[in-house]
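Here's the structure we're looking at; comments come further down.
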Protein chains: 2
Amino acid sequence: MPEPRWLDDDEFRAWIGYRRMRLLLDAQVNQDLTRESGLSAPDYDVLSALTSSEGHRRRLTELADRMLWSKSRLSRHIGRMEQRGLVAREGCETDARGSVIVLTEQGLRTIREAAPGHVASVRRHLIDLLSPEQIDALGTIAETVLAHLAPDEDLRR
Amino acid sequence: MPEPRWLDDDEFRAWIGYRRMRLLLDAQVNQDLTRESGLSAPDYDVLSALTSSEGHRRRLTELADRMLWSKSRLSRHIGRMEQRGLVAREGCETDARGSVIVLTEQGLRTIREAAPGHVASVRRHLIDLLSPEQIDALGTIAETVLAHLAPDEDLRR
DNA sequence: ACCATGTCGTTGACGTGTAAACAACTGTGA
DNA sequence: TCACAGTTGTTTACACGTCAACGACATGGT
């Protein structure tokens with residue numbers, strides 16, 4: 001048995017609060033997103049990552065690394081989005097194994113239409129509830145934790 | 001098109017930071033938990049909720065409400081945990097439809113052995129990285145968001 | 001007592017994530 | 001140039017969650 005150094009009240013409040021917030025906030029934001037745009041949260045993440053990539057395209061592995069997804073998961077998800085016409089697969093010119101994921105016209109249109117509503121949802125359920133100091137504190141907390149969990153990587157968007 | 005009121009830099013940093021933290025922190029804590037105790041995060045949550053219930057037992061619906069899970073999900077998960085001997089089902093005396101979930105001896109032993117390591121993991125990857133002010137800020141942020149998303153309910157543990 | 005309506009918990013069909021195995025291909029050192 | 005270890009992306013088998021439908025039972029009004 002190691003050191004059973006328990007959580008005090010404030011620490012417990014923070015941890016449980018975080019867990020409950022995560023549960024309810026994500027559920028609400030995802031629900032808003034799906035209702036308004038027909039996109040799931042993973043859909044939105046993929047489209048968003050592609051939109052901010054050069055030429056609206058990216059190698060599968062690069063995309064997976066950037067999103068912290070497994071290649072398997074991304075491959076499957078791209079398959080589904082491809083069938084809906086949101087993205088397309090292209091062969092890679094410099095590596096015959098590789099596949100390049102490209103945002104389609106429809107995919108671009110879809111996320112452009114979804115974005116304002118999504119941002120409004122994030123504002124409504126999180127950002128606009130907090131003071132500038134709290135926004136800043138949350139950003140700093142997240143950066144601290146991320147620096148600990150992934151010290152070297154550049155995990156920016 | 002509604003009002004495209006975008007996120008400014010601080011707001012964006014907070015939102016993206018929150019999403020990445022959620023991804024990495026949960027993955028790390030869950031991985032620690034599973035490696036050290038063989039329990040998944042949902043397993044731990046169920047055992048934890050039962051441990052803090054009178055008689056180590058609870059009606060399925062009550063448990064589901066408290067955990068913010070669907071009854072369907074809980075029923076299936078209890079089924080799996082039952083097969084591993086962590087919990088047991090009993091009929092309800094006052095309502096013949098009902099089923100009561102009971103913590104078994106083995107379940108109690110399992111979570112008691114898992115708890116210290118789990119708390120240590122939470123400390124290592126979150127709590128001990130933050131100042132008391134940050135802990136407090138996180139707790140307040142979570143409470144604010146929860147008050148907005150579930151104004152009436154008592155969502156305490 | 002009876003019927004309508006609602007709740008409890010479970011289940012089937014389905015969508016999606018993971019882990020492991022896989023074929024196809026790359027690139028490096030002998 | 002040629003084996004060979006490593007990568008790339010896909011796929012197969014499986015675990016798990018959701019939604020809708022369901023049977024069994026409870027409850028309230030008549």
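So you know, we letter chains A, B, ... as the sequences are listed, proteins then strands, and number each from 1.
- Considering only residues two or more places apart in sequence or on other chains, B:D95 meets the salt bridge (charged side-chain N to carboxylate O under 4.0 Å, His left out) condition with B:R59, B:R97.
- A heavy-atom distance below 4.0 Å to DNA chain D is reached by these residues of residues 69-82 of chain B, ordered by number: B:S70, B:S72, B:R73, B:R76, B:H77, B:R80.
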Scan nucleotides 24-28 of chain D against the protein and return all N/O pairs shorter than 3.5 Å with their distances rounded to 0.1 Å.
from   : atom 1 : to    : atom 2 : distance (Å)
D:dC25 : O2     : B:R97 : NH1    : 3.3
D:dA26 : OP1    : B:A96 : N      : 3.3
D:dA26 : O4'    : B:R97 : NH2    : 3.4

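- The ring pair (Phe, Tyr, Trp, His ring centres under 6.0 Å) contacts involving residues 62-109 of chain B comprise B:W69-B:H77, where partners must be two or more places apart or lie in separate chains.
- The interatomic distance linking A:D26 (CG) with D:dG17 (P) rounds to 16 Å, in whole Å.
- Taking atom CG of B:L60 as the reference point, atom C1' of C:dT11 lies 14 Å away to the nearest angstrom.
- Legend: residues meeting side chain to side chain contact (heavy atoms under 4.5 Å, CB included) with A:S70, ordered by chain and number and at least two apart, are A:S72, A:R73.
- Contact annotation: the side chain of A:E11 approaches that of A:D8 to within less than 4.5 Å [non-hydrogen atoms, C-beta and beyond].
- Residues forming a salt bridge (charged side-chain N to carboxylate O under 4.0 Å, His left out) with B:D128 (at least two apart in sequence, or on another chain): A:R5, B:R123.
- Residue pairs meeting the salt bridge (Lys or Arg N to Asp or Glu O under 4.0 Å) criterion with at least one partner in residues 74-85 of chain B, sequence neighbours excluded, are B:D43-B:R84, B:E82-B:R89.
- Residue pairs meeting the ring pair (Phe, Tyr, Trp, His ring centres under 6.0 Å) criterion with at least one partner in residues 98-143 of chain B, sequence neighbours excluded, are A:H148-B:H125, B:Y44-B:H118.
- Judged as a side chain to side chain contact (heavy atoms under 4.5 Å, CB included), and not counting sequence neighbours, the contacts of B:A137 are A:A137.
- Atom C1' of nucleotide D:dT10 and atom CZ of A:R59 are separated by 14 Å, given to the nearest angstrom.
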